[in-house]
Amino acid sequence: TIVLNNPRRRNALSLPMLRCLRQDLLHDVKSRELRVIVIAAEGPVFCSGHDLKELATEEDVKQHSQVFELCAEVMTLIQKLPVPVIAKVNGLATAAGCQLVASCDIAVASERSKFATPGVNIGLFCSTPAVALGRSLPRKVALEMLFTGEPLSAQEALMHGLVSKVVPEDKLEEETMKISHKICESSKSVLALGKATFYRQITQDLDTAYKMTTQVMVDNLTLRDGQEGIEAFVQKRKPVWTH
């Protein structure tokens, strides 16, 4: 579990926070023991997005580029990792914080959570959050969020596909762990192949996607765990994964 732990600054994605998040996401990523990453946060705000103090002076173009480039690197890294990444959201997620939720593979939110891209209200349109948002939400829902800055409730976020589940606040940890433990029952190597393939095929046309995934299914059968799973099913026993 990675915890955003700067509640006094509303867990803003400052350069130091982004560097720490990148480092923590990559920590032990090649270990066979690592199976799921959960991103959580301290305080009433999950993440408020970029630290506006870092963006306050128009002259410092180099730092501005650094902020947005590092943020994009972290967001894309989440989908390149070989294990599922779950956002455990309990509170407000705005701008790049909403982008972080949208970039995770799974998102579980408490009923008190809200999601918004309010940059337009301060003259800084949420263009980079729109990349993740536009790939998670129907276009017209994403654009309404981006044009108005108005928040989605947790239930609206669930209805439109920004989050996977909404639960009462006191059930958030339990539900997140339930999903995590279910994932841990599967082969890490099979999940890694499946996750990478999902994100590759989602941007392709239908014929190309089927051609690519057909080959991946064949490749999956060459994995030791691919064969073990089928043998275990036929023999009516639990598989013993090597990962």
Side-chain angles (χ1 to χ4, degrees), residues 2-27 29 37 39-82 85 87 89 91-105 107 113-152 157 160 162-163 196 199-200 202-203:
I2 298 169
V3 181
L4 306 181
N5 192 15
N6 191 4
R8 290 182 63 189
R9 299 290 301 153
R10 296 161 64 87
N11 295 318
L13 294 178
S14 61
L15 276 170
M17 180 74 93
L18 284 167
R19 290 189 186 110
C20 285
L21 183 53
R22 176 179 61 185
Q23 181 180 337
D24 289 345
L25 285 167
L26 290 170
H27 181 69
V29 75
I37 295 172
I39 300 178
E42 285 291 331
V45 176
F46 175 77
C47 180
S48 60
H50 292 296
D51 186 341
L52 294 180
K53 286 186 176 179
E54 293 181 341
L55 309 176
T57 55
E58 63 184 71
E59 291 86 8
D60 201 352
V61 175
K62 187 175 180 182
Q63 175 165 292
H64 298 169
S65 296
Q66 196 176 6
V67 168
F68 295 121
E69 286 168 5
L70 180 55
C71 185
E73 181 186 339
V74 169
M75 300 301 168
T76 54
L77 172 62
I78 288 170
Q79 295 181 358
K80 291 175 182 175
L81 292 171
V85 181
V89 187
L92 186 64
T94 60
C98 188
Q99 179 185 3
L100 179 59
V101 176
S103 298
C104 288
D105 303 310
S113 301
K114 290 186 177 181
F115 306 85
T117 48
V120 67
N121 298 329
I122 59 164
L124 183 64
F125 197 87
C126 286
S127 294
T128 44
V131 175
L133 220 61
R135 285 160 170 76
S136 296
L137 292 166
R139 182 178 299 182
K140 288 178 173 59
V141 177
L143 286 171
E144 183 180 346
M145 288 182 70
L146 292 161
F147 289 159
T148 68
E150 288 296 303
L152 290 183
H160 295 304
L162 181 58
V163 301
Y199 285 113
R200 278 173 61 201
I202 204 73
T203 59

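Throughout, numbering of the chain's residues begins at 1 and tracks the sequence. The model shown is predicted, which means the values in this text are computed figures rather than measured ones.
Residues Ala116 and Gly149 approach most closely at CB-O, 3.9 Å, considering heavy atoms. Taking all atoms of both residues into account, the shortest heavy-atom contact from Val74 to Leu18 is CG2-O, 3.8 Å. Across Pro7 and Gly43, no two heavy atoms sit closer than the pair CB-CA, 4.1 Å. Across every non-hydrogen atom of Val101 and Phe115, the tightest pair is CG1-CE2, 4.0 Å.
Residues meeting the salt bridge (charged side-chain N to carboxylate O under 4.0 Å, His left out) test with Arg22, sequence neighbours left out: Glu73. Scanning for side chain to side chain donor-acceptor pair (under 3.5 Å) contacts around Ser48 gives an empty result, with sequence neighbours left out.
Side-chain contact between Val163 and Val89: absent, with no pair of heavy atoms (C-beta onward) separated by less than 4.5 Å. By the 4.5 Å heavy-atom criterion applied to side chains, Thr128 and Met75 are not counted as neighbours. Put simply, the side chain of Gln79 does not reach to within 4.5 Å of the side chain of Arg135, judged on heavy atoms. The side-chain heavy atoms of Tyr199 and Thr76, taken from C-beta on, include no pair separated by under 4.5 Å. Residues Leu25 and Ile39 meet the side-chain proximity criterion, which asks for heavy atoms closer than 4.5 Å. Using a 4.5 Å heavy-atom cutoff, the side chains of Leu100 and Ile78 are in contact. The side-chain heavy atoms of Ile122 and Leu52, taken from C-beta on, include a pair separated by under 4.5 Å. Inter-residue side-chain proximity for Cys71 and Gln99 is flagged as met; some heavy-atom pair is nearer than 4.5 Å.
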**Message:** Set out, in order, the CA-CA distance, both residues' side-chain angles and the distance that settles side-chain contact (heavy atoms from CB on, under 4.5 Å) for Ile2 and His27, then state yes or no.
**Reply:** CA-CA 10 Å; Ile2 298 169; His27 181 69; over 6 Å; no
**Message:** For Val141 and Leu162: C-alpha separation, side-chain torsions, deciding distance, then whether side-chain contact (heavy atoms from CB on, under 4.5 Å) applies.
**Reply:** CA-CA 10 Å; Val141 177; Leu162 181 58; over 6 Å; no
**Request:** Might you work through the side-chain contact (heavy atoms from CB on, under 4.5 Å) test for Cys98 and Met145, ending with a clear yes or no?
**Result:** CA-CA 11 Å; Cys98 188; Met145 288 182 70; 4.2 Å; yes
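Counting only distance, with no hydrogens or angles, the side chain of Glu54 and the backbone of Leu15 share a donor-acceptor pair below 3.5 Å. Although no hydrogens or angles enter the test, the distance criterion places a donor-acceptor pair under 3.5 Å between the side chain of Asn11 and the main chain of Glu42. In this structure a side-chain-to-backbone donor-acceptor pair under 3.5 Å is missing from Thr117 to Ala95.
Aromatic ring orientation, His50 versus Phe68: perpendicular (interplanar angle above 60°, classes split at 30° and 60°).
In this structure, CD in Glu144 is found 8.0 Å from CG in Leu152, a value given to the nearest 0.5 Å. Put simply, CE on Met17 and CG on Asp51 are 9.5 Å apart, with the number rounded to the nearest 0.5 Å.
Of the listed residues (Leu146, Val131, Val120, Leu133), just one forms a side chain to side chain contact (heavy atoms under 4.5 Å, CB included) with Cys126, and that residue is Leu146.
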